[in-house]
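Encoded as structure tokens, the structure appears first; notes follow it.
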Amino acid sequence: MSMSRLISVNSKRYFSKTSKLHDTHSCKLLIVGGGAGGCTVAAKLANNFKKHEIIVVEPAEYNYYQPLFTLIGGGTKTISDARKPMGQVLPKNVTWVQDAVREFSPKENCVSTGCGHTIKYDFMLIATGLQLNYDKIPGLLDALKQKDSGVCSNYSELYVEKTFESLKRFKKGNAIFTLPNTPLKCPGAPQKAAYIADAFFRKNNKRNNARVIYNTSLPVIFGVKKYADALWKVVEGRDIDVNLRTNLVSIEPGKNVATFENLEKPGETHAVNYEMLNVTPPMCTPNDLRKCRELVNDAGFVDVNKDTMQSTKFDNVFAIGDCASSPNSKTCAAVASQSTVIAANMTAVMSGNKPEAIYNGYASCPLVTGYDKCILAEFDYNLTPMETFPFNQARELRSMYIMKRDIMPTVYWLMLRGYWGGPATMRKFMRLGFA
Ligand code: FAD
Ligand code: UQ1
């Protein structure tokens, strides 16, 4: 990006054309990242602040509702269904700096941006999400850029549309779906892509010519036993091959060959031919965040108290979502619950009080298992199911698929405006009178 833009979301004033670089700006609350977490907390706190007291630094033009990428891959939704311009989703009285933070200096209470601005803050929320490292797999970027390579990925707005194109082009052979050997957001998403492919092939009389393979680096199909048991039944019933502890290491696009390592026997690899290869890339927190050793743990995540989401080192810093060290499954559903806790705790700390609201690790994963079925997993830090509805959510249900396809997108955009903090209240109401 050549030039940062300071945009007052309300009045649409663009300061960059007149302001010189290397300006210093000050704010009461700085939010780094305008994705799911950054926007939601901005909306929840905006009314407590005067105009321009909150700055959101976010380089992207659009906010993407990433959970919809699974359905875009299946041809059910389009990329324009999944995004809104950043200026539309940020609250009116915040200032949006369209730039990226390049350096965090938490001891000095300031950051510097790619275009050379320094921003001082009283309080900071870090909400940068995860960085996608497609370049870590030799051959992958080349293959993704080639039009008819059969290589696709649901994790990026750049490549997700290739998934449905690859399904339509598929004639016969292996359709392989991968989960990397790194932390990742929505660990259920790679297998959802495999279930949708299986359903697409059946619908289009291609299933007899297809071997559907899910190669995952993890030692389990899903971290919560109740849903793992249900998912093993799904893969057996659909004749999907699942290889645990199997990690994609390279691709030869010209030959349609992918090489996997056996994580149980380091150094042991095997090559497999593919007709279609749907890759979930290795991920880590953004490089510019990881390099600030004072803020992050050894794995590069912002070191926070897992109950309060406050930095373990800086009382005026909090983190939300995928970049935080809290050991929950990284999902929008987790962001929703965290946003309520963080809004309460930041408000308390700003008034000189202790942060007392507690996040229980709630996360949810709508495991879409076809074009009209979904297992809705919900659980906490202890991997104990925390179901909202008064029926067994480990079953493949059409109602939960409709919720995923038609209701959750609206809930997400409401969440970004501060109107959704997770299903805790709904769960209490739904479960009245039930065990
Ligand atoms: P993001 O929403 O990714 O936002 C991070 C923002 O920070 C980005 O806008 C980025 O541009 C910005 N940023 C990065 N670096 C900097 C910097 N240096 N300076 C300034 N800004 C920066 N979740 C569910 O709950 N249910 C699902 O079904 C589901 N399915 C998914 C399927 C797929 C294919 C994917 C990819 C994700 C899915 N998720 C799902 C996960 C969910 O999208 C993420 O967990 C959620 O978006 C995390 O929110 P966040 O705010 O932490 O990060
Ligand atoms: C949720 O809160 C959420 O965040 C907006 C999601 O992300 C899109 C989800 O997928 C789910 C399932 C939830 C939880 C909501 C309910 C009603 C169980």
Side-chain angles (χ1 to χ4, degrees), residues 4 30-41 56-73 82 86 89 97-104 111 113-114 119 125-132 153-157 159-160 163 184-190 192-193 278 280-281 283 285-290 292 302 319-324 328-339 362-368 374 376-378 386-389 393 400 403-404 407-416 419-427 430:
S4 82
L30 172 67
I31 299 182
V32 184
C39 282
T40 303
V41 176
V56 178
V57 181
E58 166 58 65
E61 199 72 47
Y62 291 101
N63 180 299
Y64 284 93
Y65 175 50
Q66 300 165 43
L68 217 57
F69 289 5
T70 298
L71 302 186
I72 297 171
M86 202 57 72
V89 294
V97 178
Q98 193 178 12
D99 198 349
V101 167
R102 290 284 170 243
E103 201 168 339
F104 291 82
V111 300
T113 71
I119 304 175
L125 176 70
I126 307 179
T128 61
L130 286 169
Q131 169 181 305
L132 304 174
S153 175
N154 282 7
Y155 271 72
S156 162
E157 67 278 10
Y159 310 122
V160 61
T163 299
L184 75 155
K185 48 185 155 182
C186 199
K192 299 178 203 177
N278 184 286
T280 297
M283 295 173 212
T285 51
N287 295 342
D288 295 315
L289 173 60
R290 294 156 66 74
C292 181
V302 182
I320 190 167
D322 297 353
C323 69
N328 56 279
S329 182
K330 304 304 188 201
T331 60
C332 277
V335 164
S337 295
Q338 290 170 357
S339 70
Y362 173 82
S364 169
C365 186
L367 290 145
V368 173
C374 178
L376 179 62
E378 292 181 276
M386 267 187 89
E387 299 189 345
T388 298
F389 299 100
Q393 293 177 200
M400 294 297 99
M403 190 189 79
K404 159 83 186 170
I407 300 175
M408 286 327 294
T410 307
V411 171
Y412 176 81
W413 301 119
L414 286 173
M415 173 174 105
L416 263 48
Y419 298 126
W420 175 252
T425 313
M426 190 175 162
R427 183 181 310 115
M430 286 277 181

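Just follow the structure's listing: the first ligand is 1, and inside any ligand the first atom is 1. Note that these values count all heavy atoms, side chains included, but never hydrogens, waters or copies made by symmetry.
Residue Asn154 has at least one heavy-atom neighbour below 4.0 Å for each of these atoms of ligand 1: 34 (C). Ligand 2 places these atoms under 4.0 Å from at least one heavy atom of Thr388: 18 (C). Residue contact check: Ala36 has heavy atoms under 4.0 Å from atoms 2 (O), 47 (O), 49 (O), 51 (O) of ligand 1.
Neither the backbone nor the side chain of Thr331 comes within 4.0 Å of ligand 2, counting heavy atoms alone. At a heavy-atom distance under 4.0 Å, only side-chain atoms of Glu378, from C-beta outward, approach ligand 2. When heavy-atom distances to ligand 1 are checked against a 4.0 Å cut-off, Lys192 comes that close only through its side chain, counted from C-beta outward. Only the side chain of Pro366 comes within 4.0 Å of ligand 2, counting heavy atoms alone; its backbone N, CA, C and O stay farther away.
The closest approach between a heavy atom of Val335 and any atom of ligand 1 is below 4.0 Å. Ligand 1 lies nowhere less than 4.0 angstrom from a heavy atom belonging to Gln131. Using a 4.0 Å heavy-atom cutoff, Cys323 is absent from the residues neighbouring ligand 1. Heavy atoms of Lys404 approach ligand 1 to within less than 4.0 angstrom. The shortest separation from a heavy atom of Cys365 to ligand 1 is not under 4.0 Å, leaving the residue out of contact.
Met408 CE, 3.6 Å is the protein heavy atom nearest to atom 13 (C) of ligand 2. Looking from atom 4 (O) of ligand 1 to the surrounding protein, the closest heavy atom is Gly35 CA, 3.2 Å. Here the heavy atom of the protein found nearest to atom 37 (C) of ligand 1 is Gln66 CB, 3.7 Å. Nearest protein neighbour of atom 36 (C) of ligand 1, counting heavy atoms only, is Tyr155 CD2, 3.4 Å. Among protein heavy atoms, the minimum distance from atom 27 (C) of ligand 1 is reached at Pro67 CB, 3.5 Å. Atom 12 (C) of ligand 2 has its closest protein heavy atom at Ser364 OG, 3.1 Å. Remark: minimum distance from atom 2 (O) of ligand 2 to any protein heavy atom is reached at Trp420 NE1, 2.9 Å. The protein non-hydrogen atom at the shortest distance from atom 7 (O) of ligand 2 is Cys332 CB, 3.3 Å.
Backbone and side-chain nitrogen or oxygen atoms of Asp322 are examined, and one is located within less than 3.5 angstrom of a nitrogen or oxygen of ligand 1.
Residue nearest to atom 13 (N) of ligand 1, selected from Val368, Leu130, Leu289, Thr128: Thr128 (by heavy-atom distance). With Ala193, Pro281, Cys332, Ala377 as candidates, the residue nearest to atom 42 (C) of ligand 1 on a non-hydrogen basis is Cys332. In this comparison of Tyr65, Tyr362, Tyr412, the heavy atom closest to atom 8 (C) of ligand 2 sits on Tyr65. The option with the heavy atom closest to atom 30 (N) of ligand 1, from among Ser364, Gly37, Cys186, Pro59, is Cys186.
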Evaluate the side chain to side chain contact (heavy atoms under 4.5 Å, CB included) criterion for residues Met408 and Met403: first the C-alpha distance (whole Å), next the side-chain angles of each, then the deciding distance (0.1 Å), finally the verdict.
CA-CA 6 Å; Met408 286 327 294; Met403 190 189 79; 4.0 Å; yes
